[in-house]
Amino acid sequence: MPKQRYTLTSYDPVYAVCPEVRIPEELIEKQALRWMELNLAKPGEKAKLTDAWVNSHSDDFKSVEELLIFIRYNMYKDNREAQELSDQDYICRELATRLVEELPEDLVEESVYAANMRLEDMISRSGMNMQDFCREHGMTIDQLYENTETRAIQSLKEDSALDAWADHANFTLEPEDFYAVIPGESVQEKAEKRRQIELDGRLAQMEEYALKTKALRDVMENAMIKRNETDTEWLRYGDTNVEVVNAQNQYPDNFMAL
């Protein structure tokens, strides 16, 4: 049976509002205290989040504000993966609205069935039953399965939209495209894993995954985003948020690794 081909209503860059993943300020302050205790406080001394304490113990920071800018920047830098996954979710969801074709019914049924099996296996492995899991998460069993079905169908739409993007761009695969989706410490290790995948007869599935990953990179790189609906300017994806840029310009010497 030939593979289903998909098309999009547009292949222009995706425009999406991608809210910033915010770290609560109280967590930033706790991290600041912990950092001061480890790096500034004397043995047995309790760090204090005050301008006087910071100024008297640090050669780099003169106030709590300067210290928090440093801590906030590093925490958000470490939080990049969570932000990227969130951005990817918003951008791919918007891309999926351009899908022209309806998803084949048998493919939808297969995907929902597989998602339900994974859900039930996950709950079983956690040592819980369905009733306890639903009670813990404040939902009914019907709601749980409905949510799982919705997510499975949305994921299928996004995958299909990426298929359409890859077809339209006429992407071909280079060795580095495979290496991008194969775990390993070196190119040699990844190349060996690729050869084993080919010997196992699983190369076709890997090619499909690698093409979607290449399409995803292209979509993300070309996407135009803003963090709030009210923002007047669209930014190319990957630009650092304004707060961090301003902080870095104001206190360039404070931007060091924790």
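Since the model is a prediction, treat every value here as computed from it, not as a measurement.
A salt bridge links Glu208 with Lys212: at least one charged nitrogen is closer than 4.0 Å to a carboxylate oxygen.
Glu192 meets the side chain to side chain contact (heavy atoms under 4.5 Å, CB included) test with Arg195; sequence neighbours excluded. Listed by chain and residue number, Tyr179 satisfy the side chain to side chain contact (heavy atoms under 4.5 Å, CB included) test with Val187 (two or more places apart in sequence, or in another chain). Residues that satisfy the side chain to side chain contact (heavy atoms under 4.5 Å, CB included) test with Ala114, not counting sequence neighbours, are Arg118. Among residues two or more places apart in sequence or in another chain, the side-chain hydrogen bond (donor to acceptor under 3.5 Å, both in side chains) test is passed with Asn39 by none. In this view, Thr7 and Glu101 satisfy the side-chain hydrogen bond (donor to acceptor under 3.5 Å, both in side chains) rule, not counting sequence neighbours. Checked against side chain to side chain contact (heavy atoms under 4.5 Å, CB included), Gln196 has the following partners two or more places apart in sequence or in another chain: Leu199, Asp200.
Among pairs with a residue in residues 160-177, those fulfilling side chain to side chain donor-acceptor pair (under 3.5 Å) read Trp165-Asp218, Asp177-Lys214, Asp177-Arg217, at least two apart in sequence or across chains. Pairs engaging residues 136-148 under the salt bridge (Lys or Arg N to Asp or Glu O under 4.0 Å) rule: none recorded [sequence neighbours left out].
In this structure, Glu233 CD and Lys226 NZ are separated by 10.5 Å, a value rounded to the nearest 0.5 Å. Taking CD from Glu189 and CD1 from Ile182, the interatomic distance works out to 10.0 Å, rounded to the nearest 0.5 Å. For the atom pair CD1 of Ile28 and CG of Leu49, the computed distance is 11.5 Å after rounding to the nearest 0.5 Å. Separating the CZ atom in Arg227 from the CD atom in Gln83 is a distance of 4.0 Å, to the nearest 0.5 Å. The distance from the CE atom of Met75 to the CG atom of Leu27 is 6.0 Å, given to the nearest 0.5 Å. Atom CD in Glu45 sits 9.5 Å away from atom CD in Glu37 (nearest 0.5 Å).
Taking Ile, Leu, Val, Met, Phe, Trp and Tyr as hydrophobic and joining them when side-chain heavy atoms fall under 4.5 Å apart, one finds Leu38 isolated, its cluster having no other members. Under a 4.5 Å side-chain heavy-atom criterion applied to ILVMFWY residues, the cluster that includes Trp234 comprises Tyr15, Val17, Met224 as well. With side-chain heavy atoms closer than 4.5 Å counting as contact, directly or through intermediates, Leu85 stands alone and belongs to no larger hydrophobic cluster. If you chain together ILVMFWY residues whose side-chain heavy atoms come under 4.5 Å of each other, Tyr113 ends up grouped with Met117.
Checked by atom type, the side-chain pair Gln88/Tyr237 shows no donor-acceptor distance below 3.5 Å.
Of all non-hydrogen atoms in Ala166 and Leu211, the two that sit nearest each other are CB-O, 4.2 Å.
Residue-environment remark: NZ (Lys62) exceeds the threshold of 12 foreign heavy atoms within 6.0 Å.
Judged by distance alone, with hydrogens and angles left aside, the side-chain atoms of Ser58 form no donor-acceptor pair with the main-chain N or O of Asn55 at under 3.5 Å. Between the Ser155 side chain and the Arg151 main chain, no donor and acceptor come within less than 3.5 Å of each other.
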**Asked** When you look at Ile153 and Glu149, which way does the side chain to side chain contact (heavy atoms under 4.5 Å, CB included) test go after all the steps?
**Response** CA-CA 6 Å; Ile153 294 174; Glu149 178 178 346; 3.9 Å; yes
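When side chains are defined from C-beta on, Pro183 counts as touching Lys193, because their heavy atoms get closer than 4.5 Å. Side-chain contact between Gln4 and Leu107 is absent, with no heavy atoms from C-beta onward closer than 4.5 Å.
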